[in-house]
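Whatever order the structure lists ligands and atoms in, that order sets their numbers, starting from 1. Remember, it's a predicted structure, so these values are computed and weren't measured experimentally.
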Amino acid sequence: MSRTIVITGASDGIGAAAARQLHAAGQQVVVVGRDPDKTARIADELGVDRFVADFAVLDEVRALAADLRARYSRIDVLANNAGGIIDRRRSTVDGHELTFQVNHLAGFLLTLLLRDRLLDSGASVIQTSSVAARRFSRFDIDDLDAERRFSSSTAYGNAKLANILFTAELQRRLGPSGLSAVAFHPGAIASGFASAARGPWRWMYTNPLTRRLLTPVEVGGSRLTWLALGRPGADWRPGAYYAENRISRTHRLAADPQLAARLWERSAAMVGVEP
Ligand SMILES: NC(=O)c1ccc[n+]([C@@H]2O[C@H](COP(=O)([O-])OP(=O)(O)OC[C@H]3O[C@@H](n4cnc5c(N)ncnc54)[C@H](OP(=O)(O)O)[C@@H]3O)[C@@H](O)[C@H]2O)c1
């Protein structure tokens with residue numbers, strides 16, 4: 001049975017690879033991207049619907065949610081996959097640190113604005129997180145916008161830990177009503193990742209020699225595809241964090257339900273939705 005699968009960050013990299021795989025598996029894929037030309041290219045290749053939104057602007061996320069609600073009576077899978085790492089601290093028009101907004105707040109807002117549609121569909125909500133949550137996070141619930149301390153790696157690690165905390169809290173709050181949440185690390189993937197970063201991150205992902213050590217984008221996409229096609233509770237455990245299609249260890253704070261609840265409340269206040 002074909003299901004409606006909305007993938008953000010589907011104009012490139014892991015999201016585009018997953019969109020191709022899920023389309024080939026007969027699913028109704030909805031491509032969401034930031035760059036209009038890149039988004040059109042993937043959507044036209046597959047002959048599917050496309051939407052464009054820059055997650056650096058929360059009003060564009062709100063408009064995206066409204067468009068998706070108007071267009072689809074069911075959304076069976078929402079993959080919050082858009083994201084990346086940047087070179088220096090920047091504030092968005094919404095007043096938030098850009099890494100945190102694009103990787104966490106935007107997906108949080110989109111999910112909450114689609115909440116009833118997702119619940120009615122018994123949907124899976126997938127977060128593309130990262131091993132960076134464990135390696136680089138120095139999570140400070142009182143400094144989510146990194147006003148006191150910023151480094152590219154820490155901001156990225158914090159945002160990716162937020163993905164995992166959000167997954168756990170989403171599962172606690174909406175799991176009993178039929179929604180299933182999951183987070184995963186796709187691998188170190190040879191995508192467009194880190195093109196907006198500098199230093200070692202950019203070098204590792206763009207240098208032809210180090211790039212050979214990375215995993216092909218199709219493998220990263222296949223990990224999203226596996227979760228999107230899988231049956232929650234049978235193929236994967238709701239609320240969990242996966243790497244290589246197996247439950248994996250991450251940062252110890254990911255197991256703190258009070259922190260997850262506080263992050264939910266703070267995130268809701270930051271994007272102006274009812275928690
Ligand atoms: N590659 C890795 O090794 C790796 C490892 C762990 C986790 N991840 C995560 O995997 C996810 C996908 O990344 P990728 O590796 O596939 O990188 P990518 O090739 O750079 O793709 C990133 C995708 O996110 C979209 N995006 C970026 N900034 C956006 C914004 N402000 N608003 C809306 N969309 C935005 C891009 O849209 P446009 O192209 O249209 O601008 C693109 O579709 C990210 O969340 C990343 O953090 C990647």
S.K.: Testing the basics here: between R74 and R117, what is the closest heavy-atom pair and its distance to 0.1 Å?
M.R.: N-CD, 4.2 Å
S.K.: Is V57 close to R62 at the side-chain level, that is, under 4.5 Å between some pair of heavy atoms?
M.R.: no
S.K.: Is the backbone of K38 close enough, under 3.5 Å, to the side chain of D12 for a donor and an acceptor to pair up by distance?
M.R.: no
S.K.: Begin from the C-alpha positions of E265 and R262 and carry the test salt bridge (Lys or Arg N to Asp or Glu O under 4.0 Å) through to its verdict.
M.R.: CA-CA 5 Å; E265 300 288 335; R262 287 177 76 197; over 6 Å; no
S.K.: Where is the tightest heavy-atom contact between F55 and A82, given as atom of each residue plus distance?
M.R.: CE2-CB, 3.8 Å
S.K.: Distance check, rounded to the nearest 0.5 Å: W236 atom CH2 versus R231 atom CZ?
M.R.: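 Going from CH2 on W236 over to CZ on R231, the span is 11.5 Å.
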S.K.: List the protein residues in contact with ligand 1, where contact means a heavy-atom separation under 4.0 angstrom.
M.R.: G9, A10, S11, D12, G13, I14, R34, D35, K38, A53, D54, F55, A56, N81, A82, G83, G84, V102, N103, T128, S129, S130, Y156, K160, H185, P186, G187, A188, I189, S191, G192, F193, Y205
